[in-house]
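Sequence positions, counted from 1, serve as the residue numbers for this chain.
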Amino acid sequence: LALGTKSAAIIVPSTMPLARTTIDRDAIARAAPTFEADFDADPAARVVALHLGRALLAERVEGSAPQLELRHPSELPAPVLRCYLGRDDAARYELRVFDEEAARAIASEEARWQGLRRAAPVLGGRDASLFTEGLALATWHEGHGHCPKCGATTESTQAGWARDLG
């Protein structure tokens, strides 16, 4: 806002890295009692791996654009947390949070694990959306492990979109 003017020009970025989405969150599927087994059995299922708030990026081949490394659930060790992220025409996606040992087994090269601020601006719309949604869910779970009323431990339900007393 210049001194003496009555209005300011609003600058709108050409893209908003954290607001791009191409994913249907598929809320109805989350409530299925066999969701986890069905997801794991789906050949089109893909997992976003997260460790300490950082997602696993695919190895880059000369000239390739950065992208998440999306693996089938059968290729990964047991996670600490699972959260269904949704689907698109190609696949269904789930976030899995891994501890240190599992993350090292998945990819020991530290540079492949990147934080959202660094990765989102260079990722495509689908990958930026999956990373943003997944990190938000993981952060929420990390801070809400106990019932606010009675203090009892809660557990993840509805494919990672709610927490209930166990």
Side-chain angles (χ1 to χ4, degrees), residues 13-30 32 35-145 154-163:
S14 60
T15 62
M16 297 175 65
L18 303 181
R20 300 174 285 165
T21 187
T22 59
I23 304 298
D24 173 357
R25 291 191 178 158
D26 196 18
I28 293 171
R30 293 184 228 150
F35 175 80
E36 287 187 359
D38 293 345
F39 183 88
D40 290 347
D42 183 349
R46 294 294 174 261
V47 173
V48 175
L50 192 74
H51 171 63
L52 297 177
R54 297 175 296 150
L56 179 63
L57 300 186
E59 289 187 64
R60 292 188 62 192
V61 178
E62 190 173 325
S64 67
Q67 59 185 12
L68 293 174
E69 179 160 314
L70 300 171
R71 294 188 185 179
H72 188 268
S74 64
E75 301 171 18
L76 297 166
V80 174
L81 175 69
R82 295 174 65 157
C83 298
Y84 181 53
L85 301 176
R87 63 182 168 84
D88 62 14
D89 292 337
R92 297 192 311 158
Y93 303 96
E94 186 177 75
L95 168 78
R96 294 197 182 179
V97 178
F98 296 97
D99 62 19
E100 185 72 33
E101 183 179 337
R104 260 195 316 270
I106 294 167
S108 60
E109 187 181 339
E110 191 70 27
R112 292 189 50 213
W113 296 93
Q114 292 293 318
L116 182 63
R117 287 181 187 227
R118 185 171 182 163
V122 297
L123 292 173
R126 180 202 66 189
D127 287 5
S129 173
L130 289 170
F131 192 173
T132 302
E133 180 184 356
L135 181 60
L137 280 167
T139 302
W140 177 75
H141 278 281
E142 188 176 307
H144 293 82
T154 58
E155 61 184 37
S156 176
T157 61
Q158 294 184 24
W161 285 78
R163 293 194 69 88

Any [X] side-chain heavy atom under 4.5 Å of [Y] side chain:
| X | Y | result |
| --- | --- | --- |
| L68 | R46 | no |
| H141 | S156 | yes |
| E100 | L52 | yes |
| V47 | F39 | yes |
| R126 | L70 | yes |

Okay, side chain of [X], backbone of [Y]: is any donor-acceptor separation there less than 3.5 Å?
| X | Y | answer |
| --- | --- | --- |
| W161 | A27 | no |
| T132 | A128 | yes |
| D88 | A91 | yes |
| S108 | R104 | no |

Looking at every non-hydrogen atom in both residues, tell me the closest pair between [X] and [Y] and how far apart they are.
| X | Y | answer |
| --- | --- | --- |
| G160 | L137 | O-CD2, 3.7 Å |
| A103 | F98 | N-CB, 4.1 Å |
| P77 | I106 | CD-CG1, 3.7 Å |
| R82 | P79 | CG-CG, 3.6 Å |
| V48 | A55 | CG1-CB, 4.5 Å |
| L56 | A107 | CD1-CB, 3.5 Å |

Between [atom1] of [X] and [atom2] of [Y], what distance do you get to the nearest 0.5 Å?
| X | Y | atom1 | atom2 | answer |
| --- | --- | --- | --- | --- |
| R60 | R112 | CZ | CZ | 12.0 Å |
| L81 | L95 | CG | CG | 6.5 Å |
| R30 | C83 | CZ | SG | 10.0 Å |
| E109 | E59 | CD | CD | 6.0 Å |
| L85 | D24 | CG | CG | 12.0 Å |
| R54 | F131 | CZ | CZ | 9.5 Å |

Worksheet entry | Test: R96 and D40 ion pair at under 4.0 Å | yes

Discussion item. Under 4.0 Å between a side-chain nitrogen and a carboxylate oxygen: does that hold for D42 and R87?
Written reply: no

Discussion item. Taking CD in E75 as the centre, count heavy atoms belonging to other residues, nucleotides or ligands within less than 6.0 Å. Is the count above 12?
Written reply: yes

Item to complete: Verify side-chain contact (heavy atoms from CB on, under 4.5 Å) between L123 and L57, making sure each step is shown before the conclusion.
Response: CA-CA 10 Å; L123 292 173; L57 300 186; 4.2 Å; yes

Discussion item. Among residues at least two apart in sequence or on other chains, which ones pass ring-ring contact (aromatic ring centres under 6.0 Å, His included) with Y93?
Written reply: none

